[in-house]
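See structure below.
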Amino acid sequence: MTPELLVASLQLTIPELMLAVGSMVLLMIGVFSGNRSSTMVTGLAVALLIISGLWLVLVSGEGLAFGGSFLQDPFARFMKVLTLIGSITAMVMAVGHAQEEQIDRFEFPVLIVLATLGMMLMISANDLIALYLGIELQSLALYVIAAINRDSARSTEAGLKYFVLGALSSGMLLYGASLIYGFTGHIGFEEIAETLASGDRSLGVIFGLVFLLAGIAFKISAVPFHMWTPDVYEGAPTPVTAFFAAAPKIAAMAMLVRIVIEAFEPVALDWQQIIVFISIASMVLGAFAAIGQRNIKRLMAYSSIGHMGYALVGLAAGSQVGVRGVAIYMLIYMVTTLGTFACILAMRRKEEGNVEQIDDLSGLASTNPLMATVLTVFMFSLAGIPPLAGFFAKYFVFLAAIESGLYALAVIGVLASVVGAYYYLRIVKIMWFDEAGESFVPVSGELRLVMGVSGLFVIGYVLVGGPIGQAAGVAAKTLFIAG
């Protein structure tokens with residue numbers, strides 16, 4: 001690589017370089033200052049992510065870097081901004097709860113920055129090796145974050161389960177990548193697409209594709225690779241669960257979209273069948289398995305599985321409209337989920353500390369009407385009730401499926417939404433109509449901010465949906481021009 005190409009590559013990757021260098025600096029600050037530096041390191045980490053996001057939006061250019069391994073385009077920029085917002089919000093939500101959840105260590109924000117760096121590399125990966133490196137950087141940080149509360153058996157168990165199953169999924173993904181390389185002779189997405197377009201579609205490539213999709217399905221907790229999700233969501237400290245529910249899902253979904261649209265567009269019929277199956281299985285399991293849950297974090301885990309299924313409806317369409325629908329869906333899902341987890345973090349009593357049972361919300365409308373109202377808005381949005389943001393999210397992906405002739409998939413999605421509405425509405429019923437229990441302690445300023453901004457977005461999406469839809473449309477169009 002010539003010096004000119006190296007400089008051009010470094011300029012394109014400045015947001016990632018900021019996070020890489022910044023995380024090392026933060027680690028040094030934490031090491032030399034000890035655990036008392038936790039708050040300062042968290043503040044600096046949030047500032048670092050914000051600066052990286054601003055550079056990405058205002059300064060960063062577009063193009064290929066490092067011999068085509070790294071791609072910066074409007075789709076990458078859109079999904080990276082969502083990922084950064086998710087990481088920043090999760091870190092802000094953790095501030096007031098770090099001591100109680102025993103995550104007040106300087107390593108926590110450093111690990112989140114490293115995980116976010118991995119996610120950004122995943123989104124911009126343009127070949128199989130860059131993809132795998134991004135996934136592993138993200139995953140190794142997430143394994144540690146899940147088990148960061150070493151004094152909690154639940155947290156340690158969650159981290160261990162996530163690590164073992166994550167290692168299995170990484171192995172499947174790597175095996176799939178090696179099969180694809182072996183049968184096409186290429187690792188770059190464009191080269192793979194060209195080889196497949198020339199008619200060189202062997203059974204080995206399809207097997208490789210299946211293993212590759214299985215590894216990525218684990219990252220977005222789609223059925224049948226969802227088994228880690230309820231246990232990790234319940235066992236990990238709640239601020240960690242909020243992070244898991246948002247940013248990593250955005251990055252993994254963006255990576256999945258890029259792979260199937262850019263690298264495997266010539267064999268669309270093959271991967272569409274896989275995506276349709278995963279989508280239906282996720283929607284149905286997410287709808288029915290959550291009904292019997294009594295722990296609100298486990299319920300949100302099954303809700304997440306279902307919502308990944310809905311997002312995959314848009315991807316199954318394989319069209320520009322479908323990818324636009326996926327981008328909008330992930331944005332709305334992230335905002336609503338972070339708002340919901342802000343409410344879950346606010347479920348705190350003086351003697352008991354944080355409580356997680358759905359019945360603990362009993363009569364919340366009489367003890368904290370504002371929080372009950374906001375949580376009701378989030379539940380209605382997750383259920384897809386108009387005119388809230390969640391309705392538009394489902395509308396766009398179902399519309400894309402219908403336009404592509406996937407009528408059965410759209411009908412199953414609507415029916416699953418009806419079933420899923422039951423457990424969201426049950427929470428609303430418990431808050432508004434059951435007898436009031438002991439009240440929660442006052443909500444911290446950070447959580448009030450997240451609840452307020454998320455609630456306003458969900459209610460007022462009708463007003464801001466136009467520009468968001470246009471940005472998502474530009475992002476989606478990029479993939480199809482490239483393809």
Side-chain angles (χ1 to χ4, degrees), residues 38 42 45 83 86-116 118-119 138-169 218-221 225-252 290 293-305 307-308 334 337-348 353-358 360 446-447 450:
S38 173
T42 301
T83 302
S87 298
I88 291 165
T89 308
M91 222 184 294
V92 168
M93 285 164 59
V95 169
H97 295 260
Q99 194 161 3
E100 185 177 338
E101 297 276 359
Q102 295 186 338
I103 57 171
D104 55 336
R105 299 185 174 94
F106 70 85
E107 294 97 331
F108 179 66
V110 174
L111 285 166
I112 286 191
V113 171
L114 286 170
T116 307
M119 293 172 213
Q138 174 216 244
S139 298
L140 291 170
L142 294 185
Y143 299 149
V144 182
I145 293 172
I148 197 163
N149 184 359
R150 289 172 296 186
D151 299 327
S152 166
R154 284 201 319 170
S155 179
T156 308
E157 181 187 351
L160 188 60
K161 282 181 178 175
Y162 192 30
F163 170 69
V164 172
L165 292 169
L168 174 66
S169 79
F218 175 90
K219 302 301 176 188
I220 60 171
S221 61
F225 308 99
H226 66 286
M227 65 289 289
W228 63 274
T229 315
D231 291 336
V232 173
Y233 270 47
E234 183 184 8
T238 308
V240 173
T241 308
F243 176 58
F244 277 21
K249 297 286 174 69
I250 303 279
Q293 299 303 319
R294 291 290 174 267
N295 182 294
I296 194 161
K297 284 164 72 177
R298 285 187 78 87
L299 182 140
M300 288 303 294
Y302 285 110
S303 168
S304 167
I305 292 166
H307 282 286
M308 291 304 103
M334 181 190 73
T337 301
L338 286 171
T340 305
F341 271 102
C343 294
I344 294 171
L345 275 165
M347 293 169 59
R348 199 160 126 215
N354 270 69
V355 290
E356 297 175 2
Q357 298 304 307
I358 293 171
D360 290 314
E446 299 90 4
L447 296 183
V450 174

What heavy-atom pair brings [X] and [Y] nearest, and what distance separates the two atoms?
| X | Y | value |
| --- | --- | --- |
| P230 | A301 | CA-CB, 3.6 Å |
| A115 | L142 | CB-CD2, 4.0 Å |
| E356 | E234 | OE1-O, 4.3 Å |
| K297 | A236 | NZ-O, 2.8 Å |
| T337 | M300 | CG2-CE, 4.2 Å |
| L338 | G86 | CD1-CA, 4.0 Å |

Rounded to the nearest 0.5 Å, how far does [atom2] of [Y] lie from [atom1] of [X]?
| X | Y | atom1 | atom2 | result |
| --- | --- | --- | --- | --- |
| R348 | L447 | CZ | CG | 8.5 Å |
| I145 | L140 | CD1 | CG | 11.0 Å |
| I112 | M119 | CD1 | CE | 8.5 Å |
| M347 | T238 | CE | OG1 | 9.0 Å |
| L111 | I148 | CG | CD1 | 6.0 Å |
| F225 | I220 | CZ | CD1 | 10.5 Å |

With a 4.5 Å limit on heavy-atom distance, are the side chains of [X] and [Y] in contact?
| X | Y | answer |
| --- | --- | --- |
| V240 | F243 | no |
| I296 | Q357 | no |
| S304 | Y233 | yes |

query = Which residues satisfy the side chain to side chain donor-acceptor pair (under 3.5 Å) test with S139, sequence neighbours excluded?
reply = K219
key: Test side chain to side chain donor-acceptor pair (under 3.5 Å) applied to D360 - qualifying residues, sequence neighbours left out   = R349
request  = Give the C-alpha distance, both sets of side-chain angles, the deciding distance and a yes or no for side chain to side chain contact (heavy atoms under 4.5 Å, CB included) between K249 and S221.
outcome  = CA-CA 8 Å; K249 297 286 174 69; S221 61; 3.2 Å; yes
inquiry  = Over 60° means perpendicular and under 30° means parallel, so tell me whether W228 and F218 are parallel, tilted or perpendicular.
reply    = tilted
request  = Could I get the full list of ring pair (Phe, Tyr, Trp, His ring centres under 6.0 Å) partners for Y143, not counting sequence neighbours?
outcome  = Y162, F163
Polar side-chain atom of S155 near backbone of A146 as donor-acceptor pair, under 3.5 Å = yes
task = Without swapping roles, check the side chain of T42 against the backbone of S38 for a donor-acceptor pair under 3.5 Å.
result = yes
task = Carefully, step by step, assess D231 and E157 under the rule side chain to side chain contact (heavy atoms under 4.5 Å, CB included).
result = CA-CA 8 Å; D231 291 336; E157 181 187 351; 5.6 Å; no
